[in-house]
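In what follows, a structure is listed as structure tokens, so that the remarks can point back to it.
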Amino acid sequence: MFMSTDEIRRAFLEFFESKGHQIVESSSLVPANDPTLLFNNAGMNQFKDCFLGIDKRAYTRATSAQRCVRAGGKHNDLENVGFTARHHTFFEMLGNFSFGDYFKNDAIGYAWEFLTVVLKLPQDKLLVTVYETDDEAFEIWNKDVGIPADRIVRIGDKEGGKPYESDNFWQMGDTGPCGPCTEIFYDHGEHIWGGRPGTPEEDGDRFIEIWNNVFMQFNRHADGTMEPLPKPSVDTGMGIERIAAIMQGVHSNYEIDIFQTLIKASAEVIGHEDLSNQSLRVVADHIRSCAFLIVDGVMPSNEGRGYVLRRIIRRAVRHGNKLGAKGVFFYKLVGVLADVMGTAGTELSKQQALVEKVLRIEEENFSRTLERGMAILNDALNALEGKELDGETVFKLYDTYGFPADLTNDVARERNFSIDEKGFEKAMEAQRKRAREAGQFKTDYNEAIKVDATTEFLGYEGTNAQSNVVAIFVGGVEVDSLSAGDKAIIVLDQTPFYAESGGQCGDAGTLKVTSGLFRVEDTQKLGSAIAHHGELVEGVFAKDDTVSALVNDERRAAISLNHSATHLLHAALRQVLGDHVTQKGSLVKAENLRFDFSHLEAVKPQELREVERLVNSQVRVNHVIETNVTDIESAKQKGAMALFGEKYDDEVRVLSMGDFSTELCGGIHAKNTGDIGLFKILSEGGIAAGIRRIEAVTGEAALDAIESQQAQYEAKLREAAVKSKSLEKEMQQLSDKLAAVESSNVMGKVEDIAGHRVLVAALDGADNKNLRVMVDDIKNQLGSCIVFLANTKDGKISLIAGVTKDLIGKVKAGELVNMVAQQIGGKGGGRPDMAQAGGTDLAALPEALGTVHGWLEERLK
């Protein structure tokens, strides 16, 4: 019976939903609050706290189709991807989970029913394995299900290994929950080489594991003691690609519908016709991990998760180039992937434009990196004294510049060189060892604080409440009482204190009893309990005490304003920049707010101003901030924005601010948008490739920020004014000096008329502002005299005349200027000792100047 991959996914989830399981959406590929993982690599990752007893949910049965990536740390099969039938960087794990509900009987029964009844797989094609000493699982398979004993394989501990080191015994870590496994294998037929599990030929491809049921039965302590768990649980996993191959009648995962579509699309964008080429498999596999990593907020970089993404992108591009790709091609596969993933591609479709842009930019940058790497390779070959390129250089080219060893070998061979393959492999193995060590996180899960209590949150209704102390912890150890000065964690049966979540910081305040006062400095979640972190300031505190829980009202109010403003900011950014903007993190404190979002370039100043104005316009509208509790699906149908990858309960809080913003949010908010008062952006900048950060303030803090900016502007203006006056003074001094220079230049034109000194000169391009200074300077130098200057500049004529006081009885400066001005199309006048005029007839100026001499001679006689 042929079934598409999407049909299998839906059938699996619907089957377990019919068995009372809650369908839980795939979590993000980036683990939430789990430092032990590089990427989510198994279906159980998002339920780890449930298995540890730290997190209690509204359901005890769950099912999911979890996106997984294995391309770093101890789960690193990157070099095998594309060259084997079942290695992938990205895969989907179908799983069903029981948190202290059902155990082995039901888990085995469900698996068998789904495979043989729903999928109708022939029973004689299936065989199972159990842990060697797990007689209970053996009996269920043999007697309840009816599988013959010769098709049930017992798998013991590995030879020479420690106890419980077995393919059929699972452990979360060196300590913590663990237990035996039972696996289901499918026989692909005698025509394929390989043996049954547990035989020397088990690594062959005939018998393929398709389902693993893990029975979390024990709690392993550091000394090796295996303590039975009070509530045994079930964790299962079935790779969707493997079961799709069976349901579609093929052997290799790369022959299923998803990969065949992607391989054909890869061949088309690359321009390659041989669909069997393994490089096409690499490209088809890698587009899945790259696209979904970007969707979940990972961006190419030189460290951590971003570095793994960059390596996968470059590996895909290298294989495309190897097939003759011209120009960038990889990003063109995103749309095809979104379509072929069916129900699992919804979020990718929403962010298609962003994913395409990131991949295109990274591929373009890599082409330049390839050029640099080629230059280094050529330099290394030119410097060789022998005929072999050392392995360290080959590895450097591979690790730093993305050159595979075979590409380096091809270039070397063209120039009659060889490469040191053994040295390269040695360096590669050292890198693999470092990666494995980096992926081996050691955590003693028994040290985690476990609280069975559930704290009821009352903080939506008020900021004070009467509560009972149900647990006290000091240094992770539960105690019965506290003394003054003790730093501790206190758990109450109910509390108005908000525990840090969704980017909103935890509340602070006090817990009071008759005999003591506990200062709450922070509030955090502890599974289903709420933990009040702080210090006993005075008196004593004891378990079962009745306390008055008082939240710091002023601090809570400031936090709520900033949280509401964050929602408005998110909506405004999407309006101004586009729907590709999605929240990638936030921090809401009393002092300010911080908002991280996806965007590939710096936000332009005018865009920031528009965002700020848009938010403030919604503040002035004064929307009532409405909160409605509903189920998750109804909320999404109403258009509520959910943060992709976030964990939501069955019932969610939908926060609405008019038609402008509707989001899922469990945080504390203002009553009206007008309460925010004022919103002010302080800064915008990049924090990672494709991720931007805005920091902003509201209310009084926004007014303080504006006043501070205003004060800075005024100080700068005063400083600029002082500088301007200083510059003006300097310019005047320079102008005076220039005038003096120009005055000395015309002193040679002094002549005698009727026994008096007279200077008549024509200037070209002099500064008109300096003419008066020049006349005064010449008068000072000559003593008794008459000065007349005509300056031409920018097509206009400026005239100026100066007469010393002893001569104004015979010659008046105003009359002299006016006489010449009338001849050049102007007019003018002034005092007897100094007068100025202007004109425009440049052609008439020489003749007009020629009349000055006669005019003066007539009057001076």
Side-chain angles (χ1 to χ4, degrees), residues 297 350 459-460 498 500-507 556-599 603 607-608 610-630 632 634-648 652-682 684 691-699 701-702:
K350 295 178 182 177
Y460 293 128
Y498 182 84
E500 180 178 330
S501 180
Q504 179 177 329
C505 67
D507 276 333
R556 161 74 78 81
I559 293 170
S560 67
L561 296 184
N562 284 334
H563 201 162
S564 297
T566 301
H567 284 232
L568 293 177
L569 173 60
H570 190 187
L573 285 167
R574 288 173 64 86
Q575 281 198 26
V576 175
L577 302 181
D579 290 342
H580 66 277
V581 169
T582 53
Q583 181 175 334
K584 295 300 180 184
S586 67
L587 177 61
V588 180
K589 302 186 296 181
E591 299 78 15
N592 60 5
L593 65 93
R594 190 180 76 198
F595 188 76
D596 300 340
F597 58 99
S598 55
H599 191 57
V603 182
E607 292 173 332
L608 275 181
E610 188 176 351
V611 167
E612 192 173 81
R613 281 197 295 267
L614 191 54
V615 171
N616 281 309
S617 71
Q618 297 303 311
V619 171
R620 292 192 298 273
V621 170
N622 197 22
H623 295 295
V624 174
I625 299 177
E626 297 182 348
T627 302
N628 295 299
V629 178
T630 184
I632 183 72
S634 297
K636 289 181 179 180
Q637 289 173 7
K638 292 178 181 178
M641 283 191 62
L643 298 184
F644 190 61
E646 281 289 309
K647 180 179 69 179
Y648 293 103
V652 293
R653 292 171 64 84
V654 181
L655 198 82
S656 301
M657 302 179 188
D659 295 330
F660 188 74
S661 170
T662 304
E663 291 191 34
L664 302 183
C665 183
I668 305 294
H669 287 269
K671 293 182 179 180
N672 300 278
T673 60
D675 297 341
I676 296 169
L678 182 65
F679 172 82
K680 180 65 181 172
I681 294 175
L682 299 181
E684 187 277 340
I691 304 295
R692 310 295 300 179
R693 170 172 291 172
I694 282 179
E695 295 193 15
V697 286
T698 63

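Using a 4.5 Å heavy-atom threshold, the side chains of Q575 and F660 count as touching. Side-chain atoms of V615 and I676, non-hydrogen and from C-beta on, never get closer than 4.5 Å to each other. Annotation: side chain of N616 is in contact with side chain of E612 (closest heavy-atom distance under 4.5 Å). The shortest side-chain heavy-atom distance between I668 and Q504 falls under the 4.5 Å cut-off.
Residue C505 comes nearest to I559 through the heavy atom pair SG-CD1, 3.6 Å, listed as atom of the first residue, atom of the second, then distance. Closest approach of N622 and G674 over heavy atoms only: OD1-N, 2.9 Å. Of all heavy-atom pairs spanning A590 and N562, the tightest one is O-ND2, 3.4 Å. Scanning both residues, Q583 and H570, for their nearest heavy atoms gives N-NE2, 3.6 Å. Across every non-hydrogen atom of I625 and A670, the tightest pair is CD1-O, 3.3 Å. The nearest pair of heavy atoms linking V697 to N592 is CG1-CB, 3.7 Å.
To the nearest 0.5 Å, the span separating CZ on R556 from CG on L561 amounts to 12.0 Å. A distance of 12.5 Å separates OG of S586 from CD1 of I694, quoted to the nearest 0.5 Å. Rounding to the nearest 0.5 Å gives a distance of 6.0 Å between CD of E607 and NE2 of H599. Here the straight-line distance linking atom CG of L682 with atom CD of E695 works out to 7.0 Å at 0.5 Å rounding. Atoms CG and NE2, from D675 and H669 in turn, are 13.0 Å apart once rounded to the nearest 0.5 Å. If you take CD on E663 and OG on S656, they are separated by 10.0 Å, rounding to the nearest 0.5 Å.
Side-chain atoms of D596 do not come within 3.5 Å of backbone N or O of K584 as any donor-acceptor pair. Under a 3.5 Å cut-off, the side chain of S598 and the backbone N or O of H580 do form a donor-acceptor pair.
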Does the pair L593 and L569 meet the rule for a side chain to side chain contact (heavy atoms under 4.5 Å, CB included), with working shown?
-> CA-CA 10 Å; L593 65 93; L569 173 60; 4.1 Å; yes
After noting the C-alpha distance and the side-chain angles of L678 and V619, does the key distance pass the side chain to side chain contact (heavy atoms under 4.5 Å, CB included) rule?
-> CA-CA 7 Å; L678 182 65; V619 171; over 6 Å; no
Given side chain to side chain contact (heavy atoms under 4.5 Å, CB included), test Y460 with V629 step by step and report yes or no.
-> CA-CA 12 Å; Y460 293 128; V629 178; over 6 Å; no
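With S661 as the partner, the side-chain contact (heavy atoms from CB on, under 4.5 Å) test is satisfied by one option alone out of R574, H623, H567: H567.
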